[in-house]
Every structure is written in C-alpha cells, then in structure tokens.
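Heads up, the thing below is written out as structure tokens.
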Amino acid sequence: MAHMVETMAYAGAVPWHGLGVPVSNDLTPAQMQQKAGLDWTVKEVESYIFFNGKNKPTGLKSLVRETDGKILTNVGENWKPVQNEQAFEFFSEYVLAGDMEMHTAGSLKDGQMVWALAKVKDSFEILGGDRVDSYLLFSNPHQYGKSIDIRFTPIRVVCNNTLTFSLESKSERSVKVGHRVEFDADSVKEQLGIATQKMEQYSEVAKFLAGKRFTQDSYIEYLNSIFPRTADKRVQGKGLSVETLSRNAKLAHDVLETQPGAEYGEGSWWQAFNSVTFITDHVQGRNADNRLYSSWFGGNQIRKSSALSKAIEYAEAA
C-alpha cells in the first residue's frame with residue numbers, strides 16, 4: 001500500500017508513527033528543511049491540453065516542482081505560491097531567540113502538503129506526572145483549495161496524543177492564509193499571539209476535566225456523539241450499553257483503561273477525552289502516515305476538536 005509520507009525528518013525519539021529519518025535537535029530551520037528533503041521550489045507553468053494536433057491553453061497554470069518536474073496541482077491566475085523556504089524562515093526568529101527548537105518536518109501526498117513542527121519551550125503537568133508539551137505546526141500546501149495553516153498544538157507526552165487548542169469557537173488558536181494574498185509572516189505572528197497564554201488556558205481546561213468524573217451512561221453518550229452509528233440499536237431495547245456503540249466508539253471504549261497514561265485521572269473526563277485522541281492518532285486509519293495526515297489536517301483533527309468541546313460540556317454537567 002502506498003504511503004502518504006514522501007520525505008520526513010525528526011529530532012529526538014522516534015515519532016509514534018515510526019516514520020522519517022533521525023536528526024539532531026539543534027538544527028536551524030534551514031538545516032531541518034534540507035534534512036527533511038524539502039529544499040525544493042515550485043514554479044507556475046502555463047497549462048495546455050492537446051486537441052486536434054494542437055496545444056490549447058486552459059487558462060490555468062500548473063504548479064510544478066522544479067527538482068523533478070512533478071505537477072503538484074493546477075491553479076488559477078491569482079494563485080500566490082509560498083515556497084518551502086518561506087515556511088521554514090517563519091521559525092527562525094523563534095529558534096534564534098531560544099523559544100523553540102525544530103522537531104519534525106516532511107512532505108505528504110507526493111509534495112502536495114509540506115509541514116514543519118517546532119517544539120515550544122513551554123509545557124504543563126497535571127495529576128503528578130501527566131505532561132503536555134506545546135508545538136507550533138506550519139503546513140504549507142501546494143494544492144488547489146488548501147490554505148496555509150499555522151497553529152499551536154499540544155501533545156500529551158505519555159501517549160504522544162496530538163490534542164487540540166480549539167477550546168471555544170471564538171478563540172484564535174490558528175491562522176489560515178489563502179493563496180490569493182501575499183503571505184505576511186509578521187501579520188500571522190501577531191494574530192497567533194503568545195503560546196504561553198494558550199498553554200495556560202489549556203492547562204486550566206485539562207485540570208477541570210481531570211477533576212470531573214463520568215458515569216458509564218454519560219461516557220457511552222459521549223462516545224455516541226463523537227462516533228455516531230448509522231443505525232441506532234437502542235430502539236431494540238438495549239438502552240445505553242456498549243453494544244449500541246459504533247465500531248470506532250467501541251475502539252475508544254476498549255482502550256479507556258489500557259491506553260498509555262490511563263492511570264492519570266482514572267474515571268475522569270480527561271481520561272475519557274484521551275481515549276478518543278488515542279484511537280484517532282494510533283488505531284484508526286489504514287497505516288501510520290494516513291493517521292498522521294488525518295490527525296493534523298483531515299477529519300480526525302476536526303473530530304478531536306469536537307471531542308474536547310463535548311468533554312467540557314459533559315464535565316460541566318457532571
């Protein structure tokens with residue numbers, strides 16, 4: 001089966017998905033770009049079709065990787081590509097100031113999605129050893145219809161679950177930039193704000209969830225809301241039971257007490273929430289790199305945001 005990861009480099013321990021080549025953790029952004037195999041540029045080229053023996057312009061342009069001539073996508077006249085070098089330069093100020101260190105970078109979907117991840121020197125710990133670190137993720141898509149996405153994302157160390165900063169709909173935890181405007185790094189940094197403040201807010205939410213307990217019925221209701229089934233078997237008189245759960249909800253239920261870090265906050269909504277993040281990051285999907293893509297950019301990233309919001313709702317009602 002083909003992998004979505006094209007090239008990748010990582011610093012420190014082997015990532016949970018087991019992909020990529022190891023590098024030291026003191027690389028500059030430019031060095032990380034080179035080690036990850038991302039030192040290439042894209043070029044807009046006029047697009048044609050061959051019809052009746054002649055080349056006819058389509059009115060579109062092809063975005064071509066200059067190293068191998070690979071066509072990454074077709075775009076319109078107003079498309080403004082952001083080169084990989086610009087994405088990595090975004091981290092330079094933070095790395096030089098000692099606030100971050102480069103952690104992971106790579107290319108997904110044959111070059112259509114390039115990303116870089118830097119570890120922010122900020123973390124919090126709850127329940128006597130359950131640590132959450134902060135990271136800054138920059139995704140630079142070379143694909144029509146996709147926007148540049150820069151966001152802070154927390155990662156739970158004990159299980160490497162990628163969590164979410166989407167605590168409330170009005171909170172800015174990420175900045176998206178379309179390709180019809182020039183990329184302005186200074187403006188994006190201003191919109192992102194201070195990572196420390198976001199981690200403090202997230203720490204308070206984690207502590208709140210860890211202090212609120214779920215019941216068997218409320219946990220099953222919660223899983224049903226995150227992973228709804230197409231046919232609801234409760235009409236058959238089974239009520240709220242494990243048998244009513246969809247396949248993915250059952251997977252989350254089954255790892256509740258066995259997931260890494262299950263000993264922290266047993267019976268709490270923090271444990272319940274992490275049962276969802278664990279299976280989306282480590283269990284669902286055809287293979288490791290498909291899970292990686294979905295966790296950061298696809299449906300599972302949205303699902304985890306919903307899972308956190310729902311966990312807060314249930315905890316408030318507990």
Polar side chain donor-acceptor pair, [X] to [Y], under 3.5 angstrom:
{"X": "D122", "Y": "S134", "result": "no"}
{"X": "T41", "Y": "E66", "result": "yes"}
{"X": "T277", "Y": "T280", "result": "no"}

Salt bridge or not between [X] and [Y]? Use side-chain N to carboxylate O under 4.0 Å.
{"X": "D281", "Y": "K304", "value": "yes"}
{"X": "D99", "Y": "K121", "value": "no"}
{"X": "E316", "Y": "K212", "value": "no"}

> Minimum heavy-atom separation for R65 to D110, with atom names?
Replying inline: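 It is NH2-O, 4.0 Å.
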>> Test side-chain hydrogen bond (donor to acceptor under 3.5 Å, both in side chains) on Q191 and S187; report intermediate values, then the result.
In response: CA-CA 6 Å; Q191 292 178 66; S187 174; 3.2 Å; yes
>> Here's one to test your reading of the geometry: is the NZ or CZ of K56 within 45 degrees of the ring axis of Y48 and under 6.0 Å from its centre?
In response: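 No, K56 and Y48 do not form such a contact.
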>> Please tell me whether W115 and F138 form a close aromatic pair, meaning their ring centres lie under 6.0 Å apart.
In response: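 Centroid distance W115-F138: not below 6.0 Å, so no.
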> Would H103 and Y10 count as a close aromatic pair, with their ring centres under 6.0 Å?
Replying inline: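 Judged by ring-centre distance (under 6.0 Å), H103 and Y10 do not meet the cut-off.
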Would you call [X] and [Y] a side-chain contact if the rule is heavy atoms closer than 4.5 Å?
{"X": "W40", "Y": "V114", "result": "yes"}
{"X": "T258", "Y": "V255", "result": "yes"}
{"X": "V14", "Y": "P22", "result": "no"}

> Can you tell which of H142, E89, Q33 makes a side chain to side chain donor-acceptor pair (under 3.5 Å) with N84?
Replying inline: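 Exactly one option meets the side chain to side chain donor-acceptor pair (under 3.5 Å) with N84, and it is H142.
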